[in-house]
Amino acid sequence: MAAVTDEQVERVRALVASIPVGRVATYGDIAAAAGLSSPRITGWIMRTDAADLPWHRVIAASGRPAPQLRTRQLELLRAEGVLAVDGRVPLRGKDSARHTF
């Protein structure tokens, strides 16, 4: 992975902070909005610098939460009105919880 700049970290942090209650964004959505070359960079930033952010609103493109965070993430999303179907948050259609930047 290429070196991550402070500017990229701050862009990702600002985008994650802007996701409204009851909505989600994918790692790829954030990468695209931040001008990053890969969703993996978003994941790395989230893993290293997101404790004070609404991290639970960021999910994989499949609509599934990270396996190690699944229970807690779905619980936090449910409290905000985001309901998962078979462990997957709807990202398309009339029930989509996806936030667009």
Engineer: What residue pairs, at least two apart or across chains, pass ring-ring contact (aromatic ring centres under 6.0 Å, His included) with a residue in residues 51-79?
Structural biologist: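 Applying ring-ring contact (aromatic ring centres under 6.0 Å, His included) to every pair that reaches into residues 51-79, excluding sequence neighbours, yields nothing.
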Engineer: Find out whether V4 and I45 are in side-chain contact, i.e. whether some heavy atom of one side chain is under 4.5 Å from a heavy atom of the other.
Structural biologist: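 SC-SC contact between V4 and I45 confirmed.
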Engineer: Work out which heavy atom in S38 is nearest to a heavy atom in A31; give both atom names and the distance.
Structural biologist: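 Nearest heavy atoms, S38 then A31: O-CB, 3.6 Å.
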Engineer: Spell out, yes or no, whether V16 and I41 are grouped together once hydrophobic residues are joined by side-chain heavy atoms under 4.5 Å, including indirect joins.
Structural biologist: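 Yes.
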Engineer: At their closest point, which heavy atom of G87 faces which heavy atom of P65, and how far apart are they?
Structural biologist: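 Minimum heavy-atom separation between G87 and P65: O-CD, 3.5 Å.
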Engineer: Quick test of your reading: applying salt bridge (charged side-chain N to carboxylate O under 4.0 Å, His left out), list the pairs with at least one residue in residues 16-35, sequence neighbours left out, ordered by first then second residue.
Structural biologist: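 Found D29-R98.
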Engineer: The criterion is salt bridge (charged side-chain N to carboxylate O under 4.0 Å, His left out); which residues satisfy it with D6, sequence neighbours excluded?
Structural biologist: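 D6 satisfies salt bridge (charged side-chain N to carboxylate O under 4.0 Å, His left out) with no other residue.
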Engineer: Flag the pair M46 / Y27 as yes when at least one side-chain heavy-atom distance between them is below 4.5 Å, and no otherwise.
Structural biologist: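 Yes; the side chains approach each other to less than 4.5 Å.
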Engineer: Heavy-atom distance under 4.5 Å between the side chains of L91 and I59, does that happen here?
Structural biologist: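 Yes; the side chains approach each other to less than 4.5 Å.
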Engineer: Got a sec, which pairs hit side chain to side chain donor-acceptor pair (under 3.5 Å) with one end in residues 81-93, sequence neighbours left out?
Structural biologist: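 Side chain to side chain donor-acceptor pair (under 3.5 Å) check on residues 81-93 returns no pairs.
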Engineer: In terms of hydrophobic clustering (I, L, V, M, F, W, Y; side-chain heavy atoms under 4.5 Å; direct or indirect links), are L77 and L53 co-clustered?
Structural biologist: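 Different clusters.
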Engineer: L83 and I19: same hydrophobic cluster, using ILVMFWY side-chain contacts below 4.5 Å?
Structural biologist: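 Different hydrophobic clusters.
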Engineer: Indicate yes or no for a side-chain donor-acceptor contact from T26 to the backbone of A61 under 3.5 Å, with no hydrogens or angles considered.
Structural biologist: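 No, because the side chain of T26 does not come within donor-acceptor range (under 3.5 Å) of the backbone of A61.
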Engineer: Taking only residues at least two apart or on different chains, which pairs with a member in residues 78-101 satisfy ring-ring contact (aromatic ring centres under 6.0 Å, His included)?
Structural biologist: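 Applying ring-ring contact (aromatic ring centres under 6.0 Å, His included) to every pair that reaches into residues 78-101, excluding sequence neighbours, yields H99-F101.
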Engineer: Using the side chain to side chain contact (heavy atoms under 4.5 Å, CB included) criterion, which residues pair with A97? Sequence neighbours excluded.
Structural biologist: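 Partners of A97 by the side chain to side chain contact (heavy atoms under 4.5 Å, CB included) criterion, ordered by chain and then number, come out as V24, V82, V89.
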Engineer: What pairs of residues pass the ring-ring contact (aromatic ring centres under 6.0 Å, His included) test when at least one of them lies in residues 68-89, not counting sequence neighbours?
Structural biologist: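 Residue pairs passing ring-ring contact (aromatic ring centres under 6.0 Å, His included), neighbours aside: none found.
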Engineer: Are L69 and V12 in one and the same hydrophobic cluster, where Ile, Leu, Val, Met, Phe, Trp and Tyr link if side-chain heavy atoms are under 4.5 Å apart?
Structural biologist: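 L69 and V12: one cluster.
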Engineer: With salt bridge (charged side-chain N to carboxylate O under 4.0 Å, His left out) as the rule and sequence neighbours excluded, what pairs involving residues 55-76 come up?
Structural biologist: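 Pairs touching residues 55-76 that pass the test: R57-E80, R72-E75.
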Engineer: Run the side chain to side chain contact (heavy atoms under 4.5 Å, CB included) test against T5 and tell me which residues pass, sequence neighbours left out.
Structural biologist: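 By the side chain to side chain contact (heavy atoms under 4.5 Å, CB included) rule, T5 matches E7, Q8.
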